[in-house]
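All remarks here apply to the structure that follows.
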Amino acid sequence: MRRSLFGRSFLPLVSAFVSFGLALVAAHAAPSGGPYGPQLRNYEIPKDAKNVYYVAPDGSADASGRTLNEPTTIEAALSRVVTGDAIILRGGTYRTGSLVLNQGITIQPYADEQPVLKGTEIAKDWVAQRNGLWRTSWSKLFPAEPASWWRREREGRKTPRWLFNNDMVFVDGRALRAVGSESQLDENSYYIDYEAKLVFIAIDPTDRLVEITAHDSALIRKIDEVHGKKADRIGYKMRGLTITQYAFRALEIDGIEPESKSDPATFGKDVVGTVIEDCTITHCSRVAGYFRGDGLVIRRCHVSDTSTEGIFILNSGDVLLEKNFITRNNVEHITGYYPSAVKIYNQCYGVVCRDNLVIVDRHSNGIWYDVGNVDGVFVDNWIQGAEDGFFFEISKGALVVGNVFVDCHKGLRSLNAAGVRAYNNTFLNCQAAFERTERSAVGDHFDWHPSTGPGVSERVGHAFVNNLLIADEAFWGGPLLSLEQTEKVKHLRDRHVTQLDGNVYVRRNAAKSPALISWGPYDSPEDSLAVDDLAALRAVDPKLEANGRSFVDYRGAVIRSWELRRPELLKSFPGANVGVALPADARKLLGNEAGSKPFPGAYAPRD
C-alpha cells in the first residue's frame, strides 16, 4: 500500500456512523469532519400520514397491516398505498425485490428498529464434487453484456466479458469475486455456468450462510400505472433502511431522458421531490441507484461496494447530495466504463454536492458531472484516492469552493467545459487540471453527447483563485496545475482560464514535479509554458498570479498534521495570508463577510 507524508493512502473505514476523524472546527465553510452517513434515530409515525401500514418480515399478505400487531408484507402494503400514506417496517431481514411503486408515500422503520432489504436468497442444496468444489443449481441468474459503446479491442484483455454479469455470491456475508472458469476457483471466488445454471464455489458451505442474488432491484419508482393506480408525480420519502445484495441496482426512479440538447422544462418533472435519508445501500453489482426527477435530496446515506457507479443522477434539477459517505466503487476493477462514485449525467441543472465524504481508489472517479450539466455547486466535500476527484465534463458553470482533495490523480478536472470557478480548495498530492480538446458532436463515439455542452470555441471562462496545492515525495510527478489543449485546437489562442491569482503552491522536500504550473495556450512548439517560478508566469501577463506564492523544496509546517490528515492551515506558514478578494457567491459559500482577510485553501489559518 502506498504511503506518504499524509499517512496511509486510505483511512480505516471504521464506520459511516462516526466522524471521519478530522476533528475540524471552523467558523467558515469547509469539510465538516462528519458525522457522515446514516445516523441512528428513533422514528415517530408520521403525524400527517393518511393511512399507516405496518409490515414485518413474517407478516401476512392477507393481514390489513393497519395495526402494529397485524403486520402485512411489504409487497402487499405497496400494492395498497396511495399518496400521503406511510409504510412502517419492523426490524429484520426482508428477502424481496422487483418491487414497484408510483405514489408519493413515506417508507421508514418502526421506532429504532433496523429493517434490511436483501436481494439474495439462501442457497442450501449443495453437491460436493470429487475435485474439491461444491455446486448448486440456481435458476435466478442475471447474465449481462457490456454496453454497446464499450470497446473490446481496447479493454478486453484487462476486463473479461464475464465481469459484466450481474450475479453475486456471499458466504457468511462476505462477497466472493467472480472468475471465468472452475479452474480459477479459490475460497474467495465463485464461478457460474450460465448454460447449465450451476453455481460453483471452492469453500465448504456446511454450516455457512451462502446467499446468491435472486433480484435485480429492490424498488423501482414507476411513472406509468401500477397496482391499478396512475402515477402521482410525487417522490417518496425513504428513511432509515438498509438495502443490500441486489443484482444490477437497488433503487431506480424512472423518468423521461432527453437524447439531445433539450429544454429543461421537458424533463425532470415525472417524479418530483424524492427524499432519501439515513439509508445504507451496499453490494449492488452495478449501481446503488438510478435517480431521476427535480428536487431530489439524498442526505446522510452510506453507499459502498458498487461497480460502475454508486449514485447515478440523470436529467434532474435542483438536486442536493449532502453528508453522504460513498466508498469502494468499481470493486471489480472494470475498465473502459468510466466508473464514478457519483455520476451526475445528461443535462442536470443546479445539482449541489455539499459536505460529502468520498473515499475510493484509482479504479474510480469521485464525483463526475458528465455531459450537458449547468450551474453545479460543489462545496465542502472531502474526496480521497480517486482518479479524478471532481470531474466536470462537457458542461457549463460550476462553483467549486472549500473542498479538500487527497491523493487523487487529478483533484479537480475540467474537460471541455466552460465557467468552472474554483476558490479556496486544498489539494494534497493532487493535480488541478483545465483541459480542452477538439471533441464535438461530429463523429463522436457517444453521438449527441458533446452537443449538450459548450462548443469547442466556448470552453473558456474558468477561474482558479486562493487555492492551496501541496505535494510531497509521494506525488505522481505532474505539474500541480495544468492548463492544456490538444494539438487539433492549437488555433484557439484565447485563455480558457481567465483568472489565476492568489494561489499557493508548495512542493515539499523531494516532491516529484517537473514544474509547478503548465500554462497554455502559449506561443511555443509545445503550446505550453512550464513554470517553476511564478515570476516567469507574470512575465507572460503581470495579472497572472500577481498575488500568488510558491514554495519549492519547502521543509516547514504548512497544515496541522500530515499524519492525521488534518489540513487546517497554520498561521505560522509564510503563505497563510496569501489571497485576493472573492466574488460574492463564493464568499457566501465560504461563510466569509465582505472585507474579511483572504487566505489560501479550504481552512482559515489557525494557531
Side-chain angles (χ1 to χ4, degrees), residues 26 28-30 379 399-405 411-412 414 419-428 430-434 460-471 479-483 495-508 513 515-520 522 528-554 556-559 567-606:
H28 70 286
V379 58
L399 195 54
V400 184
V401 179
N403 303 284
V404 174
F405 303 98
L412 179 156
S414 167
V420 175
R421 298 183 297 138
Y423 304 100
N424 284 92
N425 302 284
T426 296
F427 297 80
L428 306 182
C430 303
Q431 183 185 83
F434 295 85
V460 294
H462 305 308
F464 194 73
V465 177
N466 292 4
N467 298 286
L468 175 62
L469 303 91
I470 313 173
L480 300 186
L481 174 63
S482 176
L483 299 89
R495 297 172 181 170
H496 42 171
V497 175
T498 54
Q499 185 183 14
L500 180 67
D501 202 2
N503 301 293
V504 173
Y505 307 84
V506 182
R507 200 161 58 198
R508 291 173 54 87
S513 178
L516 291 178
I517 302 171
S518 177
W519 171 265
Y522 182 72
S528 63
L529 173 66
V531 175
D532 209 26
D533 184 341
L534 297 186
L537 196 60
R538 295 173 189 135
V540 176
D541 184 340
K543 294 181 180 179
L544 295 175
E545 290 295 12
N547 299 280
R549 288 195 65 180
S550 62
F551 298 82
V552 178
D553 196 24
Y554 186 74
V558 180
I559 61 175
E568 307 105 301
L569 185 62
L570 296 177
K571 284 184 177 180
S572 59
F573 171 58
N577 294 317
V578 170
V580 299
L582 298 178
D585 54 357
R587 192 172 65 245
K588 181 178 180 181
L589 288 176
L590 275 176
N592 288 357
E593 297 180 357
S596 59
K597 291 183 179 180
F599 56 87
Y603 297 97
R606 300 178 59 188

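Note that this is a predicted model, so its numbers are computed, not measured.
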Practice item. Please confirm whether the backbone N or O of Ser596 pairs with a side-chain atom of Arg587, one donor and one acceptor, at under 3.5 Å? Key: no
*Note, Pro479 side chain near Ile517 side chain (heavy atom, < 4.5 Å)*: no
Checking Glu545 side chain against Gly502 main chain: does a donor-acceptor pair fall under 3.5 Å?
yes
For Val404 and Ala602 the tightest heavy-atom approach is CG2-CB, 4.1 Å
To the nearest 0.5 Å, atom CG of Asn403 lies from atom CG of Leu412 at 8.5 Å
Q: For the residue pair Leu481 and Leu483, establish whether any side-chain heavy-atom pair is separated by less than 4.5 Å.
A: yes
Query - Any Trp519 side-chain heavy atom under 4.5 Å of Val540 side chain - result: yes
Begin with the C-alpha distance, continue with both residues' side-chain angles, and end with the deciding distance and a verdict on side-chain contact (heavy atoms from CB on, under 4.5 Å) for Asn592 and Phe599. CA-CA 11 Å; Asn592 288 357; Phe599 56 87; 3.6 Å; yes
So NZ of Lys543 and OG1 of Thr498: to nearest 0.5 Å the spacing works out to 11.0 Å
* To do: State, yes or no, whether a side-chain contact exists between Asn425 and Phe405 at a heavy-atom distance under 4.5 Å.
  => yes
From the list Val531, Asp532, Leu469, side-chain contact (heavy atoms from CB on, under 4.5 Å) with Tyr505 holds only for Leu469
To the nearest 0.5 Å, atom CG of Leu534 lies from atom OG of Ser550 at 4.0 Å
message = With heavy-atom distances below 4.5 Å as the criterion, would you say the side chains of Val465 and Leu500 are in contact?
response = no
One should read off an interatomic distance between Asn547 CG and Asn503 CG, to the nearest 0.5 angstrom, of 10.0 Å
Heavy-atom closest pair (Val504 atom, Gly575 atom, distance to 0.1 Å) is CG2-O, 3.9 Å
Are Ile470 and Arg508 side-chain neighbours, meaning at least one heavy-atom pair lies under 4.5 Å? yes
Nearest heavy-atom approach of Gly548 to Val578 is CA-CG1, 4.2 Å
Shortest non-hydrogen pair, Pro567 vs Leu428, comes out as CB-CD1, 4.4 Å
- Stepwise, does the side-chain contact (heavy atoms from CB on, under 4.5 Å) test hold for Asp541 with Arg495? CA-CA 12 Å; Asp541 184 340; Arg495 297 172 181 170; 2.8 Å; yes
* To do: Examine His462 together with Phe434 and report whether their ring centres are nearer than 6.0 Å.
  => yes
With Val401 as partner, the option from Asp585, Asn466, Leu589, Leu582 fulfilling side-chain contact (heavy atoms from CB on, under 4.5 Å) is Leu589
Just wondering, do Arg507 and Asp553 contact through their side chains at under 4.5 Å, heavy atoms? no
Report task. Compute the centroid of each ring, for Phe551 and then for Phe573, and state whether the two points are separated by less than 6.0 Å. Result -> yes
Could you go through the side-chain contact (heavy atoms from CB on, under 4.5 Å) check for Val558 and Leu570 one step at a time?
CA-CA 6 Å; Val558 180; Leu570 296 177; over 6 Å; no
Correct closest heavy-atom pair for Arg421 and Gly461 would be CG-O, 4.4 Å
On a heavy-atom basis, the closest approach of Val420 and Ser414 is CG2-OG, 3.7 Å
- Message: Can you confirm whether Leu468 sits close enough to Phe427 that some side-chain heavy atom of one is under 4.5 Å from a side-chain heavy atom of the other?
- Response: no
